[in-house]
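What follows is a short report on a single structure.
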Amino acid sequence: VEKFQGILPAFYACYEDNGEVSVERTKALVRYFIEAGVQGLYVNGSSGECIYLSVEDRKQILEAVMAEAKGKLRIIAHVACNNTKDSVELAKHAESLGVDAIAAIPPIYFRLPSYSIAEYWNTISAAAPNTDFIIYNIPQLAGVSLSKELFMEMKKNPRVIGVKNSSMPVQDIQNYKAWGGEDFVVFNGPDEQFIGGRTMGACGGIGGTYGAMPELFLKMNALLKENRMEEARKIQFAVNEIITLLCSGHGNMYAMIKEVLKLRKGLVVGSVRSPLSPLTEADLEIAKKTAKVIDETV
Ligand code: NAY
């Protein structure tokens, strides 16, 4: 559990202006996170637009991240590709780079029985035999939730050390901790209830909006460690207003966050990949307002 405490931003895909993966911009974003003082990164997950990236893109991104971050940040590589073969390839690749753990969502589109999902996850995990495995539970997007039956089946695999839980009931965190045992790692997924998840037993958080305002999540986490709940709650409420702003444009939320990074830190990491929508002219005004609100809050 020690190893995976704290704030692990979900890493964003960084593109050149022509939409191809940018190695240089990826490295610059890693340096930004190191300077911010976060504990780790969750690479090629939802916020990393994984379902719109090729296997090659994903390898290139992880290689660039590891080149900057190795030894400085805990790196969890999300390797699920919706088919076992490509996921296995990414798991092997991630292990060869020395990541701290790999993670995977269940396969999407077809509703598979639990035993097929377990087989999929265990096959991926077996491809990286020296690497810890983290289950990514995100029922609202994947269409399957991590049941007790599936959890218990996965617990038989000694490499399964944790769950990144993005379901909305915070009670799920309590259950996964209870079923997993003392050393089992559970991450809070929904940024809007970070303090709720931590209070229910999450050892840290992995989140898609952390990158826009890492200072605020680090602060909340530090306050919680000192049992300063009132102050943590104040920040959480401010964060939730910021998240509402980030989601209020016509363009995709990650495009908005990338614009905010440009405004706040001068970081240029491109926009988002189609079919996600880029920002409109009107969205640029929202981004300016959001960046200002964040700067005033930190
Ligand atoms: C990932 O895999 O990139 C994440 O960890 C992202 C988790 C995010 N959940 C979703 C559904 O995208 O951080 C949350 C989310 O962006 C945040 O709560 C704002 O709604």
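In each ligand, atom 1 is the first atom listed, and ligand 1 is the first ligand listed. Heavy atoms only: backbone and side chains are in, while hydrogens, waters and symmetry mates are out. We're numbering straight along the sequence, starting at 1. Since this is a predicted model, take the numbers as computed values, not measurements.
A cation-pi arrangement is present between K164 and Y42, with the terminal nitrogen or guanidinium carbon under 6.0 Å from the aromatic centre and inside a 45° cone about the axis.
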Please tabulate, one pair per line, all N/O donor-acceptor pairs under 3.5 Å involving side-chain atoms of residues 138-152, not counting sequence neighbours.
{"residue": "Q140", "atom": "NE2", "partner": "S166", "partner atom": "O", "Å": "2.9"}
{"residue": "S147", "atom": "OG", "partner": "L150", "partner atom": "N", "Å": "3.1"}

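Within ligand 1, counting atoms from 1 as listed, the ones closer than 4.0 Å to a heavy atom of L141 are 11 (C). Counting the atoms of ligand 1 from 1 in the order shown, those under 4.0 Å from a heavy atom of I206 are 5 (O). Close approach of ligand 1 to G45 is summarised as follows: ligand atoms under 4.0 Å from at least one heavy atom of the residue are 2 (O), 3 (O). Per-residue contacts place G207 under 4.0 angstrom from the following atoms of ligand 1 (heavy atoms of the residue considered): 13 (O). The T209 neighbourhood of ligand 1 comprises atoms 19 (C), with distances under 4.0 Å to a heavy atom of that residue. For ligand 1 and P190, the ligand atoms under 4.0 Å from any heavy atom of the residue are 18 (O).
Distances between N or O atoms of S46 and those of ligand 1 include at least one value under 3.5 Å.
Between the CD1 atom of I105 and the OH atom of Y120 there is a distance of 6.5 Å, given to the nearest 0.5 Å. Distance check: M256 CE to T290 OG1 gives 6.0 Å after rounding to the nearest 0.5 Å.
Counting only heavy atoms of the protein, atom 9 (N) of ligand 1 lies nearest to I138 CD1, 4.2 Å. At the top of the distance list for atom 19 (C) of ligand 1, counting protein heavy atoms only, stands E192 OE2, 3.2 Å. What sits closest to atom 7 (C) of ligand 1 on the protein, heavy atoms only, is K164 NZ, 3.9 Å. The single protein non-hydrogen atom nearest to atom 8 (C) of ligand 1 is G208 N, 4.2 Å, given as residue, atom name and distance. For atom 15 (C) of ligand 1, the nearest non-hydrogen atom of the protein is D191 OD2, 4.2 Å. Taking atom 6 (C) of ligand 1 as the reference point, the nearest protein heavy-atom neighbour is S47 OG, 3.4 Å. Of the protein's heavy atoms, M253 CE, 3.5 Å lies nearest to atom 16 (O) of ligand 1. Nearest protein heavy-atom contact of atom 2 (O) of ligand 1 is Y136 OH, 2.6 Å.
In this structure, L279 is not a member of the same hydrophobic cluster as V268, with clusters built from ILVMFWY side-chain heavy atoms closer than 4.5 Å.
Between D86 and R58 there is no salt bridge, since no side-chain nitrogen of the basic residue lies less than 4.0 Å from a carboxylate oxygen of the acidic one.
In Y42, the part holding a heavy atom less than 4.0 Å from any atom of ligand 1 is the side chain.
Side-chain atoms of S47 and Y254 form a donor-acceptor pair, as typed in the model, at a separation below 3.5 Å.
Which of A10, C247, G189 comes nearest to atom 14 (C) of ligand 1 through a heavy atom is settled by distance: it is G189.
The aromatic rings of Y12 and F33 sit tilted relative to each other, their planes meeting at an angle between 30° and 60°.
A donor-acceptor pair under 3.5 Å is absent between the side-chain atoms of Q39 and the main chain of L73, judged by distance alone.
Using a 4.0 angstrom heavy-atom cutoff, Y254 counts as in contact with ligand 1.
With I235 as the partner, the side chain to side chain contact (heavy atoms under 4.5 Å, CB included) test is satisfied by one option alone out of V298, L223, I195: L223.
Contacts of R228 classified as side chain to side chain donor-acceptor pair (under 3.5 Å), with partners at least two apart in sequence or in another chain: E226, E231.
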